[in-house]
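Report on the following structure.
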Amino acid sequence: MGNHSSAAGENYLNHEKGLWSWLTTVDHKRIGLMYMITVMFFFLVGGIMALLLRLELFAPNTVQGVGQVLKNGDIYNQVLTYHGAIMVFMVIVPGIPAILGNFFLPIHLGAKDVAFPKINLLSWYCFMAGAALAIATFFTHKIDTGWTFYTPYSIRTGTSTVLMVLGAFIMGMSSVLTGLNFIVTVHKLRAPGMTMHRMPLFVWALYSTAILQMLATPVLAITLLLLAAEKIFGVGIFDPALGGDPVLFQHFFWFYSHPAVYIMILPAMGIVSELIATFSRKVIFGYTAIAYSSLGIAAVSFFVWGHHMFVSGQSATAGIIFSFITMLVGVPTAIKMFNWVATIYKGSVRFDSPMLFALGFLFLFAIGGVTGIMLAVLPIDVHFHDTYFVVAHFHYVMVGGTLMALMGGFYYWFPKMFGKMFNESLARLSFVFIFVGFNVTFFPQFVLGAMGMPRRYFDYIPAYETLNKISTVGSWLILTGFLFGLYTIVQGIRKGEKAPMNPWGAKTLEWQTSSPPPHFNFDVEPVVTAGPYEYR
Amino acid sequence: MMWFNLAKAQSFMPTEGTEIAKQVDNLYGFLLITSFIACVLVIGGMIYFVYKYKRKSDNDKTAYISHNTALEFLWSFIPLVIFLAVFAWGWYIYHGMRTMPKNALEINVLGKQWAWEIEYKNGFKAVNEVVVPVNTDVKLLLTSQDVIHSFFVPSFRIKQDAVPGRYTALWFNATKLGEFHIFCAEYCGTSHSGMIGKLRVVTQEEFNKYLEEGQEEGQLPLAKRGEKLFALKACASCHSVDSPAVKVGPSLFKKFGTEEVLEGGAKVVVDENYLRESILQPNAKIVNGFPHGVMPTFQGQINENELNALVEYVKSLSGK
């Protein structure tokens, strides 16, 4: 190892050869790439389903032809369910931590690998096994419960909910294992001099996420097992016909799934912090505030689940308390937004494609954030709950937020991961299409929601037609953007120019090793003497 | 306050049918304006900065500003105050929304896949149509017979889940005459989006007349009674009666007396007995091409008289 190996052009990609060496690898970088390929595949599948849904909604069903892409309500509901379940459980939740987190967390800390490399590989296999089970339902008896599996519908619908729920359970295990690995890695494997307060903010974000994954996911696991028990044995926990309480399921479900929203968004915030600092070439404003607001958001996120249930029949008092705590989450989130903007102030800004995605994130997340506040206000949520306003809001946060950051982070670290540069013009083109398409698709949905169009509708009244048309056209622009993105990546890997060690002039540790990194990340163990963004 | 009214007009909310709707829209209008200002500050600030501090050379020096306690306190404190104020305002309106008025006109609403069944105190039942008098407190007592549904009237800004195994309630006082949409807002399966009803606000006199006429339906001719029952049991959400178009189940238009091919090729004539059997044991003889287990059985839910009325109604669809 050591200096000798990398001098000979050896890196993690060519360290070992053959498919088997990949399937048995314990190298966190290779595992990150394996996640990348699988997540991209699921994203493609989920995306095609989204396009089908939008095509169906292009016109009301009274219009012959165009309004009837999916044959009937059942098929629509199935496609809707798979779109949601795939995008949540197989794309956005694992997305950033499993791909970019796996690849860069140890390097950011100056470590050789994660704390438990074999568990890391196991988590990939868990993910694949869970995903395989979930996808298998597609070929047996398609499920149509929506990704939330609300009882008693999920108990009554004659479909293979149990199999799907088991798949989600196993994928949850993968999530717990990754979280555990990250927490131990952060605490135990930091290079000499890397204090907690010298960690990059991406690591802080992953660390907060990992805590959430460890604490929240088991609740989902138990809930899903109870649901399976209810379905198979009829034990009477959630089914009112057996004396159970269907609203109890919602409490259990959101106790996981609300923190999960932050599992999806916190890593994105981490990436944005890195991008803004690097491309403004400036020390991040309010490092501690950003780091601790991540932890703060993680902590508070456990106490806000009831805001999904303002009209479910839970008590008015519960509604008021949940509304209050939910408003509080807005504060650390606002702090982060202001910090990012303040970081740009008096900086030296470069508009490379990763920075464009970061700025796109700020734009979309601002809109997602303020509409989130609206939804936290009780009487307004009573009107907006389960309408397209909610659909628009969470797409702004989860797609506009997480996917923008994922794309930005991906372009940012692409030279490091593959040792090649990508075509910058193509990457910018992909940004423009995704950004514009996204707004064209989802902004009209806020209006549709205000007008009263409920979500999960196979058909709608004529008053909603124009806005639905615009929204569908927007989805084609997003598709174009992602196709450009895919082409940029493939083209970059195949024919890109050789990447230098530090193409963006960044300060964090991953840029202090060769591109792509050697098998053990660094030829010489780094010693850290300063914070991560010391642009002086 | 012109800007405020402008924001409200641009909020795209449907007609305000109640006093509560006005209150909700006021708060929403306020939030729209504050949100807009917040977005302009953040996004505008961002755009201004990135252009002003665009990189000029490869060796640009940047300012080293790691934090600013006063500024950070201010931008945490101001949003906090706004959030708390908005929360309190919301709490106030919500309190009014959730405090059920005494002596309200009570109407029972039963959600089922995929229709709203409405029952008035005098025993009159209707489907997918709630009729209420104007300027009167009305309380809806909601429940469901199968899965969770959600009763949503956009124009009134009210929504409440109808949960099987328990009662939930909502109230309103309609201030405008007219017809308003009722949607089901909680996903409930195949025809979720077809579970649309209307809420008709009429004068007190019209309301009294409506109830009376409803009660007299027992004296209707057999086929007419069947038609009412057909609507009441929401048969129309799966079977069309005025065209051969297939919804979820086979169309009943001019079906009586014709021959149907069953799964496996056997044939059956659609006569009184086949109709009776299909209502009581829907899975016994399924027409080729339709799935099993979709139609619920009505065994034990309707009596012989009602069965007669339904069969008579289906016959009448063929002009026989």
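Below, read A as the first sequence line, B as the second, and so on, with proteins coming before strands; counting in each chain starts at 1. Treat the numbers as computed from the prediction; the structure is a model and nothing was measured.
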Which atom of B/Phe152 lies closest to which atom of A/Pro454, heavy atoms considered = CD2-CG, 4.3 Å
Per-residue tally against chain B (heavy atom, under 4.5 Å) across A/Val377, A/Ile344, A/Val331, A/Asn77 peaks at A/Asn77
List the steps, then state whether side chain to side chain contact (heavy atoms under 4.5 Å, CB included) holds for B/His67 with A/Asn339.
-> CA-CA 9 Å; B/His67 65 281; A/Asn339 277 324; over 6 Å; no
Sub-6.0 Å ring centroid separation between A/His383 and B/Phe156 = no
B/Ser191 portion near chain A, given a 4.5 angstrom heavy-atom threshold | neither
Find the one option among A/Gly73, A/Gly452, A/Ser323 whose heavy-atom pairs under 4.5 Å with chain B are most numerous.
-> A/Gly452
Would you say the side-chain atoms of A/Arg281 pair up with the backbone N or O of B/Asp58, donor to acceptor, closer than 3.5 Å?
-> yes
Between A/Phe285 and B/Trp75, is the ring centre distance below 6.0 Å?
-> yes
Per-residue contact mode, A/Ser280 against chain B (heavy atom under 4.5 angstrom) | backbone
Among B/Leu31, B/Thr34, B/Leu71, which has the most heavy-atom pairs under 4.5 Å with chain A?
-> B/Leu31
Between A/Val341 and B/Phe49 the two heavy atoms that sit nearest each other are O-CD1, 3.4 Å
So which of B/Leu170, B/Leu41, B/Asn68 has the largest heavy-atom pair count under 4.5 angstrom toward chain A?
-> B/Asn68
Side chain to side chain contact (heavy atoms under 4.5 Å, CB included) evaluation trace for A/Tyr535 with B/Tyr64 | CA-CA 7 Å; A/Tyr535 299 92; B/Tyr64 189 85; over 6 Å; no
OH/B/Tyr94 to CD1/A/Ile380 distance, rounded to the nearest 0.5 angstrom?
-> 13.5 Å
Where is the tightest heavy-atom contact between B/His181 and A/Ile461, given as atom of each residue plus distance?
-> NE2-CD1, 3.6 Å
Under a 4.5 Å heavy-atom cutoff, which of B/Asp146, B/Val248, B/Val163, B/Ile47 has the most pairs with chain A?
-> B/Asp146
So what's closer than 4.5 Å to chain B heavy atoms on A/Thr288: side chain, backbone, both or neither?
-> neither
Verify side-chain hydrogen bond (donor to acceptor under 3.5 Å, both in side chains) between A/Tyr153 and B/Glu186, making sure each step is shown before the conclusion.
-> CA-CA 11 Å; A/Tyr153 187 76; B/Glu186 180 66 72; over 6 Å; no
Proximal component of A/Phe365, with respect to chain B [non-hydrogen, under 4.5 Å] | neither
Count the heavy atoms belonging to other residues, nucleotides or ligands that lie under 6.0 Å from CZ of A/Phe443, then report whether that count exceeds 12.
-> no
Could you walk me through whether A/Leu359 and B/Val50 pass side chain to side chain contact (heavy atoms under 4.5 Å, CB included), step by step?
-> CA-CA 9 Å; A/Leu359 298 176; B/Val50 292; 3.9 Å; yes
Pick one of side chain, backbone, both or neither for B/Met97, based on which atoms fall under 4.5 Å of a heavy atom in chain A.
-> side chain
Taking all heavy atoms of B/Ile43 and all of A/Phe363, pick out the closest pair and write down the distance.
-> CG2-CD1, 3.4 Å
Main-chain N/O of A/Val382 paired to B/Lys159 side chain as donor or acceptor, under 3.5 Å = yes
Once the angle between the rings of A/Tyr345 and B/Tyr53 is folded into 0 to 90°, is it parallel (under 30°), tilted (30 to 60°) or perpendicular (over 60°)?
-> perpendicular
Partner chain A: residue of B/Ile148, B/Thr69, B/Ile20, B/Leu142 with the largest heavy-atom pair count (under 4.5 Å) = B/Ile148
So, for A/Phe351 and B/Tyr51, is the gap between ring centers shorter than 6.0 Å?
-> yes
Nearest heavy-atom neighbours spanning A/Pro379 and B/Leu27 | CG-CD2, 4.1 Å
Contact origin within A/Ile320 toward chain B - heavy atom pairs under 4.5 Å | both
Below 4.5 Å from any heavy atom of chain B, which atoms of A/Asp74 appear? Answer side chain, backbone, both or neither.
-> both
Can you tell which of B/Arg166, B/Arg98, B/Lys52 has the highest number of heavy-atom pairs within less than 4.5 Å of chain A?
-> B/Arg166
Heavy atoms only, distances under 4.5 angstrom: which of B/Pro79, B/Gly90, B/Ser66, B/Gly165 has the most pairs with chain A? Name it, please.
-> B/Ser66
Can you list the steps and then say if A/Leu328 with B/Phe83 is a side chain to side chain contact (heavy atoms under 4.5 Å, CB included)?
-> CA-CA 8 Å; A/Leu328 293 185; B/Phe83 292 160; over 6 Å; no
Going by the side-chain hydrogen bond (donor to acceptor under 3.5 Å, both in side chains) test, name the single residue among B/Lys56, B/Lys61, B/Arg55 that passes it with A/Ser348.
-> B/Arg55
Who wins among A/Phe310, A/Tyr287, A/Tyr150 for the most heavy-atom pairs under 4.5 Å with chain B?
-> A/Tyr150
Tell me, for B/Ser193 versus chain A, whether the close heavy atoms (under 4.5 Å) come from the side chain, the backbone, both or neither.
-> both
Report the option among A/Val349, A/Thr343, A/Asn72, A/Thr371 that has the most heavy-atom pairs separated by less than 4.5 Å from atoms of chain B.
-> A/Val349
Check whether any side-chain heavy atom of A/Ile335 lies under 4.5 Å from a side-chain heavy atom of B/Glu72, and answer yes or no.
-> no
Examine B/Tyr28 together with A/Phe384 and report whether their ring centres are nearer than 6.0 Å.
-> yes
Is there side-chain contact between B/Ser76 and A/Phe338, with heavy atoms separated by less than 4.5 Å?
-> no
Looking at OG of B/Ser35 and CD1 of A/Ile373, how far apart are the two atoms once the value is rounded to the nearest 0.5 Å?
-> 8.5 Å
Could you tell me which of A/Ala366, A/Ala334, A/Ser312 has the largest number of non-hydrogen atom pairs under 4.5 Å with chain B?
-> A/Ser312
To the nearest 0.5 Å, tell me how far A/Ile325 CD1 sits from B/Phe87 CZ.
-> 9.5 Å
Considering only heavy atoms, which portion of B/His95 lies under 4.5 Å from any heavy atom of chain A: side chain, backbone, both, or neither?
-> neither
Might you point out which heavy atoms bring A/Gly313 and B/Thr168 nearest each other, and give the distance in Å?
-> CA-CG2, 4.0 Å
Beyond-backbone contact of B/Met13 with A/Met451, side-chain heavy atoms, under 4.5 angstrom = no
B/Asp161 CG to A/Met309 CE distance, which is reported to the nearest 0.5 Å | 9.0 Å
What part of B/Ile196 gets closer than 4.5 Å to chain A, counting heavy atoms only: side chain, backbone, both or neither?
-> side chain
Max heavy-atom pair count under 4.5 Å with chain B, selected residue of A/Ala241, A/Pro240, A/Gly531, A/Gly243 | A/Pro240
Region of B/Ile158 in contact with chain A, defined by heavy-atom distances below 4.5 Å = backbone
Indicate yes or no: at least one non-hydrogen side-chain atom of A/Tyr457 is less than 4.5 angstrom from one of B/Phe183.
-> yes
Taking atom NZ of A/Lys346 as the centre, does the number of heavy atoms from other residues, nucleotides or ligands within less than 6.0 Å exceed 12?
-> no
Checking heavy atoms, do the side chain of A/Ile155, its backbone, both or neither come under 4.5 Å from chain B?
-> neither
